[in-house]
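To start, the structure under review is shown below, and the notes come after it.
Quick note: residue numbers are just sequence positions, from 1.
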Amino acid sequence: MSKKRGLSLEEKREKMLQIFYESQDFFLLKELEKLGPRKGVITQSVKDVVQSLVDDDLVSKDKIGTSVYFWSLPSCAGNQLRNVYRKLESDLQSSKKRLAELVDQCDALKKGREESDEREKALAELKAIEKKHNMLKDEMCQYADNDPAAFEAMKDAIEVAHAAANRWTDNIFTLRQWCSNNFPQAKEQLENMYKEVGISDDFDYLELSAVPLS
């Protein structure tokens, strides 16, 4: 024997609406949860189904005191459907108007673009110019390293880095002098520390070599 198929969400919504329409009464959620199974809607599904009907304005919901009541009348559903119909009709007319505007724009854009020998020649010339432009752009990329602006920017960056390096060298000399003056008894330990961090006897300011032109 085949297993009975459960109700779909839309079928559950229809069943719950029947409860409202047949009684035309007001219900608490716990009352609907008791009535739902009589229509084939399990208790656990009633709350979600009713809330979906509320979200679609097919069921009204209001709090009276500490209780929340639900209700729906056939006339309310009819009004809701009429409102939906009017909105869809309005959207349809707006879409038709927009479609007509786009068709007019399309026709206007086609003017002057009719197929002709002159137009084909102009398109061919445009394609050739675009091809030449791309070739020149690729060629320029090959010589980017020799760009005067890039070369000047590199020179400026080297000068900034050189000045910064010598400024830190000057700071290191100042710090070494300060340590020697304030901790003469730790001369050997300080010398070992300098060597550990890479400050050797030949540590000195950097000289800026001339930047080659190529």
Side-chain angles (χ1 to χ4, degrees), residues 1-135 137-138 140-141 144:
M1 184 175 181
S2 61
K3 186 177 180 180
K4 185 178 179 181
R5 181 183 68 85
L7 297 177
S8 66
L9 176 59
E10 196 56 40
E11 289 172 334
K12 292 177 182 178
R13 283 160 56 93
E14 292 177 4
K15 296 293 184 182
M16 294 307 299
L17 280 176
Q18 287 177 11
I19 295 175
F20 289 106
Y21 294 165
E22 290 170 358
S23 64
Q24 298 189 26
D25 202 352
F26 297 82
F27 298 95
L28 295 169
L29 179 60
K30 62 181 180 180
E31 294 172 336
L32 293 171
E33 289 176 338
K34 291 180 180 179
L35 295 172
R38 299 180 187 178
K39 293 289 187 178
V41 182
I42 61 175
T43 302
Q44 294 85 343
S45 299
V46 170
K47 181 177 179 180
D48 292 337
V49 174
V50 172
Q51 185 59 50
S52 74
L53 294 171
V54 172
D55 294 339
D56 291 343
D57 295 329
L58 293 174
V59 170
S60 298
K61 170 184 174 181
D62 201 1
K63 186 174 183 180
I64 303 175
T66 58
S67 301
V68 178
Y69 287 88
F70 299 86
W71 73 93
S72 180
L73 304 176
S75 59
C76 294
N79 290 334
Q80 174 64 16
L81 291 174
R82 280 188 287 273
N83 291 336
V84 171
Y85 174 80
R86 282 193 290 268
K87 184 178 185 308
L88 291 175
E89 186 68 22
S90 176
D91 292 345
L92 177 60
Q93 295 303 321
S94 297
S95 297
K96 287 181 177 179
K97 182 180 178 181
R98 180 56 179 161
L99 175 61
E101 292 174 351
L102 292 174
V103 170
D104 290 341
Q105 291 179 12
C106 182
D107 291 339
L109 291 172
K110 287 180 179 179
K111 292 180 180 179
R113 299 187 179 186
E114 295 83 1
E115 294 296 332
S116 65
D117 293 340
E118 184 179 355
R119 184 169 185 270
E120 289 296 325
K121 182 179 178 181
L123 289 174
E125 291 178 355
L126 176 61
K127 187 174 181 181
I129 291 172
E130 290 178 342
K131 184 177 180 180
K132 182 65 175 179
H133 170 73
N134 291 329
M135 290 175 60
K137 188 164 63 173
D138 293 341
M140 287 179 62
C141 290

Contact check, side chains of [X] and [Y], non-hydrogen atoms, under 4.5 Å:
X     : Y     : result
Arg38 : Leu35 : yes
Phe70 : Val50 : yes
Asp62 : Val68 : no
Leu9  : Asp48 : no

Partners meeting side-chain contact (heavy atoms from CB on, under 4.5 Å) with Tyr69 (sequence neighbours left out)
Phe26, Leu28, Ile64, Ser67

For Glu120, which residues count as a side-chain contact (heavy atoms from CB on, under 4.5 Å) partner, sequence neighbours excluded?
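Glu120: side-chain contact (heavy atoms from CB on, under 4.5 Å) contacts with Glu115.
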
Holding to salt bridge (Lys or Arg N to Asp or Glu O under 4.0 Å), I want the full list of residues that pass it with Glu22, two or more places apart in sequence or in another chain.
Lys39

Got a sec, which residues hit salt bridge (Lys or Arg N to Asp or Glu O under 4.0 Å) with Lys15, two or more places apart in sequence or on another chain?
none

Measure the spacing between [atom1] of [X] and [atom2] of [Y] and express it to the nearest 0.5 Å.
X     : Y     : atom1 : atom2 : value
Asp25 : Ile19 : CG    : CD1   : 12.0 Å
Leu17 : Leu58 : CG    : CG    : 6.0 Å
Ser52 : Lys47 : OG    : NZ    : 13.0 Å
Glu33 : Glu31 : CD    : CD    : 10.5 Å

Would you say the side chains of Asn134 and Glu130 form a donor-acceptor pair under 3.5 Å?
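Asn134 vs Glu130: no donor-acceptor pair found between side chains.
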
Can you list the residues that meet the ring-ring contact (aromatic ring centres under 6.0 Å, His included) rule with Phe27, with sequence neighbours excluded?
Phe20

Ser72 backbone acceptor or donor facing Ser60 side chain under 3.5 Å
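Judged by distance alone, no pair lies under 3.5 Å.
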
Determine the minimum heavy-atom distance between Lys12 and Leu7, stating which atoms define it.
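In terms of heavy atoms, the two residues are closest at CE-O, 3.4 Å.
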
Salt-bridged, Arg13 to Asp56, with N to O below 4.0 Å?
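Looking at Arg13 and Asp56, the cut-off is met.
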
Could you give the side-chain donor-acceptor pairs of residues 90-100 under 3.5 Å, partners two or more places apart or in another chain?
| from | atom 1 | to | atom 2 | distance (Å) |
| --- | --- | --- | --- | --- |
| Asp91 | OD2 | Lys87 | NZ | 3.1 |
| Gln93 | NE2 | Glu89 | OE2 | 3.3 |
| Ser94 | OG | Ser90 | O | 3.1 |
| Ser95 | OG | Asp91 | O | 2.9 |
| Arg98 | NH1 | Glu101 | OE1 | 3.4 |

